[in-house]
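Proteins get letters first, then strands, A, B, ... in listed order; numbering begins at 1 in each. Note that the structure is predicted; figures quoted are calculated from it, not measured.
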Number of protein chains: 2
Amino acid sequence: MKKRPTITDVAKHAGVSKASVSYVLNNVKKVSQSTKERVLLSIEELGYEPDFTAVSLTRQRSQLIGIILPLVNQSIASVMRENTYYNEMISAVEQRARESGFDLLLTGLSRPEHYRTWVQKRKLDGLLFFGLFPKEIYDEMRSIDVPAVLIDTYEEHTDRYPSVNIEDEKGAYLATRHLAELGHTRILFTGTNLKNPVENYRFQGYQRACRESGIASMHPVETFHYHGFKSGYEAAEKVTATDATAVFCTSDIIAQGLIRALFEQGIRVPEDLSVAGFDDIHSSRYSIPSLTTIRQQIQLKGDAAAGKLLEAMKGGSPEPEVLDVSLIVRESTAPLSKGSA
Amino acid sequence: MKKRPTITDVAKHAGVSKASVSYVLNNVKKVSQSTKERVLLSIEELGYEPDFTAVSLTRQRSQLIGIILPLVNQSIASVMRENTYYNEMISAVEQRARESGFDLLLTGLSRPEHYRTWVQKRKLDGLLFFGLFPKEIYDEMRSIDVPAVLIDTYEEHTDRYPSVNIEDEKGAYLATRHLAELGHTRILFTGTNLKNPVENYRFQGYQRACRESGIASMHPVETFHYHGFKSGYEAAEKVTATDATAVFCTSDIIAQGLIRALFEQGIRVPEDLSVAGFDDIHSSRYSIPSLTTIRQQIQLKGDAAAGKLLEAMKGGSPEPEVLDVSLIVRESTAPLSKGSA
DNA sequence: TTGTAGGCGTTATCAA
DNA sequence: TTGATAACGCCTACAA
C-alpha cells in the first residue's frame, strides 16, 4: 500500500509551501488566484485529503460528535435492542452529521467520572445527550465547556445547554382525553418512573385531562424498569388488579408489552381494555392491534438536535425547542363497552 | 477551564524526561522501579490521561472501530429504525469494544470511493461490515489493509477477511421442515432478494426441506426491499395470490409486516395461514401472535465479530465462525386445518 | 536506565 | 501574498 500523500507532498508538487496549501485548504488568508489553482490541481492529482488526526491535534477538535446513551446493566443494549425510539433518532442524527462532515462516536460510558476525560481525550466537538443523566455529568461537561444538546431533559440544565423536547404534558393530556371521550372513567397511567421529569410532565397531562373530564385520577403504575417490552409485560399484573377500563402508557414499547401480557390472559384489547401509548415508534403501525398513540416526530427531533448542536459548535446559541405532538388513533382504543372489566 | 496536563507536565512534576513517562505509560523498555513509581504518582496526582489525537498521530492508529452499515436512500435509517437486528448486534459490539478501550464510529457512507479515505483520515483500527456491500469496497479496504470482519457475508471475500455467519441453510431448513411436519404441503418462501447469498442459502435450505418432505417447492416471493415491515406488508398481495397454507419469511420483520397485512384482510395467523420468521429479534416474543422463528443469537454474533476484530487488530488471523441456529416454535404456526386457504 | 531529539501531518504566527 | 518555523502531544530510535 503506497502511503497517502501529505500536505508536504502537495506543497512540493505544486511548488509552494505547506502554509500556502493550508491556506487554500481552509480558504483563509488571501491567496493569489494562480497559486490557488496550482494547489487545487495538485490536490486533485495526488488525491490528497487532510489527515483528521493531525488536524485534530493542531486545531484541538476532531470533527467528532459523541452520542451519549443511557447505560443499563453496563450496556446500551437495553436501550437499543427493543425500543427503536433511540435508533430512529440516532439515524436522523447520523445523516445530518455526515452531511456536515462529522462522524458519530457511539458510547455508553460506565462511570460518570470517565466522561470528562473521554471527551477530552477524543477532543469531541460536541455531545448529544439522549435522556437524563446524573447531574454530576453535566457539571463535568460544563467545566470543559464542550457544546452539547440535551434531548428529553428538563430541569435547570436546560438553560445552560440547548435542548430539544416535546410537548410531554400535552401528549399525555391528548391521549387521556381521547380515552375519556370514549367513555372511560377509570383510566390508568403506567410509566417507568415518575421521578423522571419527562414522565412526570406526562403524568401531569394525564391528571389535567382527568380533571377536565370530571373523572378521578388513579394511582399511577410505575415499573421502575427502562422502556422495554418486559416493563409493560410485567406491569400487567398491577394493571389487571385495578378496575381500569383504559390504560395510558408512557411509551409504545411498554404498551406493546402490556398488550402482549393481556393477550396471554385472555383480556382483549381494545374490547376489554383500551390501551394507548406514546412515541409512535415505527412498529406501532404494524402491531396487532395497531397502537393508538401520541406521535412525536422522532426523526425530526433527532434532526433538530443535530442542527442545534452544529449551530452551537459554530459558536451560536441555539434556542431550546419544543416539538409538537399529536394524537394518532388506531386500533388499541375503543369506546367503553358494557362488558368491560 | 484549566488545561489538562500533558506528558510534559507529568515529566516535570516527576522530575524525569518525557521519554521516561512514555516508557512507563506503555510499559516498554526497562524503567527503574523508583522512577516508575514517581511517574505513576505524578500521573495520579495530575490526573493525567494521554491524548488520543496525539497518540493517533504518532502511532498511526486511533483506537477506533468503524461500523459500516448499509445505506438505503442515503441513510442508515431504514436499517436501524424498524428491524432491531442491527441494533442488537451493535450494542453487543459496543460493549465488547468499550471493554477493550475502543470507541465505535458509526456511519453509512454514501459513496464507495469515500470509504478508503474515510478510513485513512480517521486512521480507523478496524472495520465491521454489517452485511454485503459492493465488491469494490472490499477491494478498497484490502488495498489499505485495514483489519476487518464481515458479518453475514459469503463469497470469496470471506477467505481474505474473517467472517461471522450463521447456519443460514440449516435455519431455513428447520423452519420449513417444521411447517411440513405440521402437515403443510404448500409452503411459500418469502425473502427480499435471492441474489443476496444469505437469502440464497436460506432458499436452498427451504428447498431441501421441501424435497425431503416430498412436497414441491413453490416459486419464491421476493420483495426487493430491505428487511422492514413494509416489505412484508406489501408481500401479502403476492402471498395471498398463491394457494400456500404456510409461509417462511427470511426475517422476523418481514413476517411481522406480512402478518399485519393478513390481519387487515381478515386472514388469521396461524388458523388460516402459518407464518414463520428468521432471526428471533426481541419483539418476536411479544408480537401477537408471537412468532415461530429461527433463532440466531444476535448478541453472540456481535460479540464474536467484535472479538475476531480485536484479535485481527492484534495481528492474529481469526478463523471464520459459523454460529448455530435453532427453531423456536411459538404461536404463528399451526397444523394444517381443513379450512385453510 | 534515562534523556535528547526528530517525526507524525496540520495549523498558525510572524517575518519577509 | 507567501514561506519558514514553531507549536500540538506523544512515541521512539539513538545516545549517553
With a 4.0 Å cut-off on heavy atoms, is A:Thr6 in touch with a base, just the backbone sugar-phosphate, or nothing at all? sugar-phosphate
Tabulated below should be each protein N or O lying under 3.5 Å from an N or O of nucleotides 14-16 of chain D; please produce it.
{"from": "D:dC14", "atom 1": "N4", "to": "B:Lys29", "atom 2": "NZ", "distance (Å)": "2.7"}

Have a look at B:Tyr48 and say if it touches a base, only the backbone sugar-phosphate, or nothing, with a 4.0 Å heavy-atom cut-off. sugar-phosphate
Is there a donor on the side chain of B:Lys18 or the base of C:dT4 sitting less than 3.5 Å from an acceptor on the other? no
Just N and O in the side chain of B:Thr35: are any of them under 4.0 Å from OP1 or OP2 of C:dT2? yes
Rounded to whole Å, NZ of B:Lys123 lies from P of C:dG9 at a distance of 6 Å
Which of the following nucleotides, C:dT1, C:dA12, D:dC10, is nearest to the side chain of A:Arg59? C:dA12
Calculate the interatomic distance between A:Arg122 atom CZ and D:dC8 atom P; express it in whole Å. 22 Å
Can you tell if the side chain of A:Asp125 reaches within under 4.5 Å of the side chain of A:Gln63, non-hydrogen atoms only? yes
Would a 4.5 Å heavy-atom cut-off, applied to side chains only, mark B:Phe129 and B:Met141 as touching? yes
Assign B:Val16 to base, sugar-phosphate, or nothing according to its heavy-atom contacts below 4.0 angstrom with the strands shown. sugar-phosphate
Checking A:Tyr48 side chain against A:Leu40 main chain: does a donor-acceptor pair fall under 3.5 Å? no
Atom-to-atom span, CZ of B:Arg61 to P of C:dC8 - whole angstrom: 18 Å
Can you find a pair of side-chain heavy atoms, one from B:Glu82 and one from A:Thr84, that are under 4.5 Å apart? no
Does B:Val28 reach a base, just sugar-phosphate, or nothing at all? Heavy atoms under 4.0 Å. nothing
A:Tyr85 and A:Lys301: side-chain donor and acceptor closer than 3.5 Å? yes
Rounded distance in Å - CG (A:Asn26) to P (C:dA12): 7 Å
May I ask you to verify if any side-chain N or O of B:Ser22 is less than 4.0 angstrom from the OP1 or OP2 atom of D:dC10? no
Whole-Å distance between C:dG9 P and B:Leu57 CG? 7 Å
Could you tell me the separation between the NZ atom of A:Lys12 and the C1' atom of C:dG9, rounded to a whole number of Å? 13 Å
May I ask you to check whether A:Arg61 and A:Ser56 show a side-chain donor-acceptor distance below 3.5 Å? no
Can you confirm whether A:Phe52 sits close enough to B:Lys123 that some side-chain heavy atom of one is under 4.5 Å from a side-chain heavy atom of the other? no
Contact check, side chains of B:Leu128 and B:Ile68, non-hydrogen atoms, under 4.5 Å: no
Under 4.0 Å from OP1 or OP2 of C:dT10: is there any side-chain N or O of A:Thr53 that close? no
Ignoring backbone atoms, test whether A:Ser20 places a side-chain nitrogen or oxygen under 4.0 Å from the OP1 or OP2 oxygen of D:dG3. yes
Provide, to the nearest angstrom, the distance between the CD atom belonging to B:Glu49 and the P atom belonging to D:dG9. 15 Å
With the side chain defined as heavy atoms from C-beta on, B:Gln60 is closest, among D:dC10, C:dC8, D:dC8, to C:dC8
Atom CZ of B:Arg4 and atom C1' of D:dC8 are separated, to the nearest Å, by 13 Å
